[in-house]
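FYI, side chains are in, hydrogens and waters are out, and symmetry mates aren't considered; it's all heavy atoms of this structure. Worth saying up front: this structure is predicted, and the values here are computed from it rather than measured. Labels below follow one simple rule: chain letters A, B, ... track the order of the sequence lines, proteins then strands, and each chain is numbered from 1.
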Amino acid sequence: MPVELYNTLTKRREEFKPMAPGKVGIYSCGPTVYSHPHIGNFRSFLVADLLKRFFEFKGLKVTHIMNITDVGHLVDDADEGADKLEETARKEKKDPLEIARFYTESFMTASKLLNIKPADVYPKATEHIQEMIDMVKTLVDKGYAYVVGGNIYYDVTKFANYGRLSGNTLDDLNAGARIELNPEKKNPQDFALWKHDPKHLQQWDSPWGRGFPGWHIECSAMSSKYLGAQFDIHTGGEDNIFPHHECEIAQAEGASGKKFVHYWLHTRFLLFDGEKMSKSKGNLYTIQELIEKGFKKNAIRYALISSHYRQNYNFTFDGLKAAAQAIDKIQQCVFQLKDISKNKESGQVRKELQELSSNCLAQFDEALSDDLNISKALAVCFDFLREVNKVDDANSTEANALLDTIGKIDSVLGVLEKADEEVPAQIIEMAEKRKEAKANKDWKTADAMRDEITAKGWILEDTPGGGYRIKRGGQD
RNA sequence: GGCGGCGUAGCCAAGCGGCCCAAGGCGACGGUUUGCAAAACCGUUAUUCGUGGGUUCGAAUCCCACCGCCGCCUCCA
């Protein structure tokens, strides 16, 4: 089944053809580590994760690179030299690298909580200064860039395709006229490749004196290093389209003379309660904060991946609760199947169940192949679950086969708990007491036990065979 | 000012010319089941897709206008 993806570069859906058969190279714009990444950042990272897991589901070998920006981006294009990382460093009176390390750790922790598969390499900008200098040198040598004092600028008029990704033209950009004129630049749209500013905390030696790299060069340099001058897919948030990715293309293609990236995927912004997320509105939640509020980590993951990546998703606490319910629906089915798998005889897998599984997987594949149509894919998943729940005479072999199918789906979704949650001995004791009371038809004691378990934050459900399932209580 | 996206049930969200009197999830209501619950299953919950026109044998899907929301053009996933 061929995969179709919407390519920002061509502004249409295209069949995905990897450069090397069976292999995919993906570069994702990662976090700038001057603060805790929030749910919006993670939506974009989760889209990359979903894409990667889906390719792996289809049997492709994925090489995934995600950069860690530990050199701050400039706040503006004027010569102020203040950047976010530096700002935080000055405010917290810490070394920029110390800040970067702290927030990188925060990012990694949250990624793990969200069950994001680690990238193969997380290159740090500060560890690739030499690669950036080399690329800048090439651009100067080839005439794409010019030196003014200790600063290097990219001359956008030298790169014919500048604006192709974003749809901007130089004329339109000039009409925007929100750019402060910098007398050093030949054209207002020229962007910095290397900057000189003695006030800057992070400085490196270069052929043009001490300074620091411009905003965009790190991604061009690092992606080329780890994936080659040409690679398959580049992902990021919609805000990256311009100027960041536009400039990346100009740099990489200027330096190599080859087409840089074949497919550009951009994730649309997340809204919170219908509003743009921003610091002033106080709705920039981090993953850790949501977990502290009592929401489950897999519900956060589900909520963030459950709508199409090219659509604004309105993130709400109610949505998070709905997500938790949806996951429990899957989890419940898994629980029943495991129960059957343990307690029933083995046997043949009926043809109709084989077909149920293979149809489900084929439709799931088809849905995601359709530009990652996750809504359709989830619908397939729940339709399958309904059919499975109707089967009341499965043998253990069949249960295992169905579990295997759910496992394959979850290898992409990544929302199921790997192991059954550790239930405290005290709770199990109460559940056993209830079981005994039930056997004696002592409903009063049985109900009291169940209430007590509920009060302790757990939920006890009876199963038809006289057994029970204990699960974590809801959030809030 | 330039470029782009969106508006589908109480909420989230597919569908993008006939299979649609429109998937799926959450919620609600009724039923089966259960000691009672929960879960599961069955059924109900949009004859209608922001509004008004048009094209077409046929439109949620195409065109036009209008209204509303959002994003980018400036650090931002």
* When we call it a touch if two heavy atoms are under 4.0 Å apart, what does Gly319(A) touch: a base, just sugar-phosphate, or nothing? -> nothing

* Applying a 3.5 Å limit to both distances, which nucleotide forms a Watson-Crick or G-U wobble pair with C29(B)? -> G43(B)

* Asked: Base, sugar-phosphate, or nothing for Asp447(A), non-hydrogen atoms under 4.0 angstrom?
  -> base

* Does Lys321(A) have a side-chain nitrogen or oxygen under 4.0 Å from the phosphate oxygens OP1 or OP2 of G25(B)? -> no

* To do: Please say whether the positively charged group of Arg310(A), taken as NZ for Lys or CZ for Arg, lies over the ring of Tyr6(A), i.e. under 6.0 angstrom from the six-membered ring centre and within 45 degrees of the axis.
  => yes

* OP1 or OP2 of C70(B) less than 4.0 angstrom from a side-chain nitrogen or oxygen of Asn314(A), does that happen here? -> no

* At under 4.0 Å, does any side-chain N or O of Asn41(A) touch on OP1 or OP2 of A77(B)? -> yes

* Asked: If only atom types and distance count, is the side chain of Asn343(A) paired as donor or acceptor with the main-chain N or O of Asp339(A) below 3.5 Å?
  -> yes

* So what does Tyr313(A) touch, heavy atoms closer than 4.0 Å: a base, only the sugar-phosphate, or nothing? -> sugar-phosphate

* May I ask you to verify if any side-chain N or O of Lys390(A) is less than 4.0 angstrom from the OP1 or OP2 atom of C42(B)? => yes

* Which nucleotide in A13(B), A77(B), C41(B) has an atom nearest any side-chain atom of Ser44(A) -> A77(B)

* Is any side-chain nitrogen or oxygen of Gln325(A) closer than 4.0 Å to OP1 or OP2 of G25(B)? -> no

* Describe the nucleic acid contact of Asn240(A) in one word from base, sugar-phosphate, nothing, applying a heavy-atom distance below 4.0 Å. => sugar-phosphate

* **Asn115(A) side chain to Gly414(A) backbone, donor-acceptor under 3.5 Å** => yes

* Asked: Taking only N and O in the side chain of Asn389(A), is any of them less than 4.0 Å away from OP1 or OP2 of C41(B)?
  -> yes

* Asked: Distance check: side-chain N/O of Arg469(A) vs OP1/OP2 of A40(B), anything under 4.0 Å?
  -> no

* To do: Tell me the partner of C75(B), counting only Watson-Crick (N1-N3 plus N6-O4 or O6-N4) or G-U wobble (N1-O2 and O6-N3) with both under 3.5 Å; none if nothing fits.
  => none

* Think Ser166(A) has a side-chain N or O under 4.0 angstrom from the OP1 or OP2 of C72(B)? -> no

* Would you please say whether a donor-acceptor pair under 3.5 Å links the side chains of Tyr153(A) and Gln189(A)? => no

* Parallel, tilted or perpendicular: ring planes of Phe42(A) versus Phe107(A), cut at 30 and 60 degrees -> parallel

* Asked: When all nucleic acid strands are considered with a 4.0 Å heavy-atom cut-off, which category describes Lys11(A): base, sugar-phosphate, or nothing?
  -> nothing

